[in-house]
Amino acid sequence: MVEDIRERICDSKRVVFVTGAGISQESGIPTFRGKDGLWRNHDVMKLATIEAFYENPRLVWEWYNQRRENIFKAHPNAGHKAIAELEKYVDVTILTQNIDGLHQRAGNTKVLELHGSIVKTKCSVCDFKDEITEKFLEIPPRCACGNILRPDVVWFGEPLSEDIWNNAMSIASQCDLLVVVGTSLVVSPANRLPIYAKQNNATLIEINPNNTEMSSEMDAVIRNSSATALPELAAIFRNNTIEN
Ligand code: APR
């Protein structure tokens, strides 16, 4: 359990979290590869692709609009809030694969969205970008240039923004503790971040009820939900700060 790793982590100064859909599961937001992997009987892994978007932009927009509505109704859970509390005690950066914005709503100030954001849109042709602040009158929405807008997210097969990825690699390579929470670590290049941290002598912790493809690389694994394990992790740093 988390208490068992107290000695290994309590002196950490620069802590990086790599998070995935699992950390938002207890906020009621479905993960991708669990039992929730379907929407209107469509495989979400097929909907989150540029091919699906060009084949049926209306369907893909309807899926993202539904996800956005669900996310607006959701709230940060105890796991998100615990990582936000940690900012009081150590330097915390979150490298998230999630597009739901719950880390920011929980109060974290250093969050890198590797796969984009559900509240951002961009033109499929010109360089127009914008925040989505209200429902679109037409689906798919159109850019002033006449082309259709798309969600500003990274779909399967698309590259991450070079700036964001270079920044993420640099952050992961300079931390002394990297905590992987709620991700199956099957998607590249995000699944390489723990390796960069390990190459720079960081301690690696995994918080996930299930095994992942990289569990064997971890210094410790906590087979528990994030909403249970992360408050215990925050308590270690809180008590350490009080004692010193
Ligand atoms: N607490 C912690 N982990 C959990 C919880 C929980 N309550 N519930 C589920 N998990 C774990 C699952 O065991 C699984 O390993 O969360 C992980 C979710 O994995 P995926 O569904 O594959 O989601 P993720 O790893 O974020 O996917 C990465 O792939 O689908 C694309 O772009 C999308 O960002 C996403 C990326």
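Whatever order the structure lists them in is the order used to number ligands and atoms, beginning at 1.
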Inspect the contact between Asp152 and Lys122 and indicate whether a charged nitrogen and a carboxylate oxygen are less than 4.0 angstrom apart. yes
Establish, from distance only, whether the side-chain atoms of Asn211 and Arg223 form a donor-acceptor pair under 3.5 Å. yes
Between ligand 1 and the protein, find all N/O pairs closer than 3.5 Å and give the distance for each.
unit_1: ligand 1; atom_1: 1 (N); unit_2: Ser226; atom_2: N; d: 3.0
unit_1: ligand 1; atom_1: 1 (N); unit_2: Ser226; atom_2: OG; d: 3.2
unit_1: ligand 1; atom_1: 7 (N); unit_2: Gln25; atom_2: OE1; d: 3.0
unit_1: ligand 1; atom_1: 7 (N); unit_2: Glu26; atom_2: OE1; d: 2.9
unit_1: ligand 1; atom_1: 13 (O); unit_2: Asn208; atom_2: OD1; d: 2.8
unit_1: ligand 1; atom_1: 13 (O); unit_2: Asn210; atom_2: ND2; d: 2.7
unit_1: ligand 1; atom_1: 15 (O); unit_2: Asn208; atom_2: ND2; d: 2.9
unit_1: ligand 1; atom_1: 16 (O); unit_2: Gly182; atom_2: O; d: 3.3
unit_1: ligand 1; atom_1: 19 (O); unit_2: Ser184; atom_2: N; d: 3.4
unit_1: ligand 1; atom_1: 21 (O); unit_2: Phe32; atom_2: N; d: 2.9
unit_1: ligand 1; atom_1: 21 (O); unit_2: Arg33; atom_2: N; d: 2.8
unit_1: ligand 1; atom_1: 22 (O); unit_2: Arg33; atom_2: NH1; d: 2.5
unit_1: ligand 1; atom_1: 22 (O); unit_2: Ser184; atom_2: OG; d: 2.6
unit_1: ligand 1; atom_1: 25 (O); unit_2: Thr183; atom_2: OG1; d: 2.7
unit_1: ligand 1; atom_1: 25 (O); unit_2: Ser184; atom_2: N; d: 2.9
unit_1: ligand 1; atom_1: 25 (O); unit_2: Ser184; atom_2: OG; d: 3.2
unit_1: ligand 1; atom_1: 26 (O); unit_2: Ala21; atom_2: N; d: 2.8
unit_1: ligand 1; atom_1: 27 (O); unit_2: Arg33; atom_2: NH1; d: 2.9
unit_1: ligand 1; atom_1: 29 (O); unit_2: Arg33; atom_2: NH1; d: 3.2
unit_1: ligand 1; atom_1: 29 (O); unit_2: Arg33; atom_2: NH2; d: 3.1
unit_1: ligand 1; atom_1: 30 (O); unit_2: Arg33; atom_2: NH1; d: 3.3
unit_1: ligand 1; atom_1: 30 (O); unit_2: Arg33; atom_2: NH2; d: 3.4
unit_1: ligand 1; atom_1: 32 (O); unit_2: His115; atom_2: ND1; d: 3.3
unit_1: ligand 1; atom_1: 34 (O); unit_2: Gln97; atom_2: O; d: 3.0
unit_1: ligand 1; atom_1: 34 (O); unit_2: His115; atom_2: ND1; d: 2.9

Using 30° and 60° as the class limits, which term best fits the ring planes of Tyr196 and Trp165: parallel, tilted or perpendicular? tilted
Parallel, tilted or perpendicular: which one describes the rings of Phe53 and Trp155, with boundaries at 30° and 60°? tilted
Charged N to carboxylate O below 4.0 Å: is that the case for Glu85 and Lys81? no
If you round to the nearest 0.5 Å, how far is CZ of Arg8 from SG of Cys10? 11.5 Å
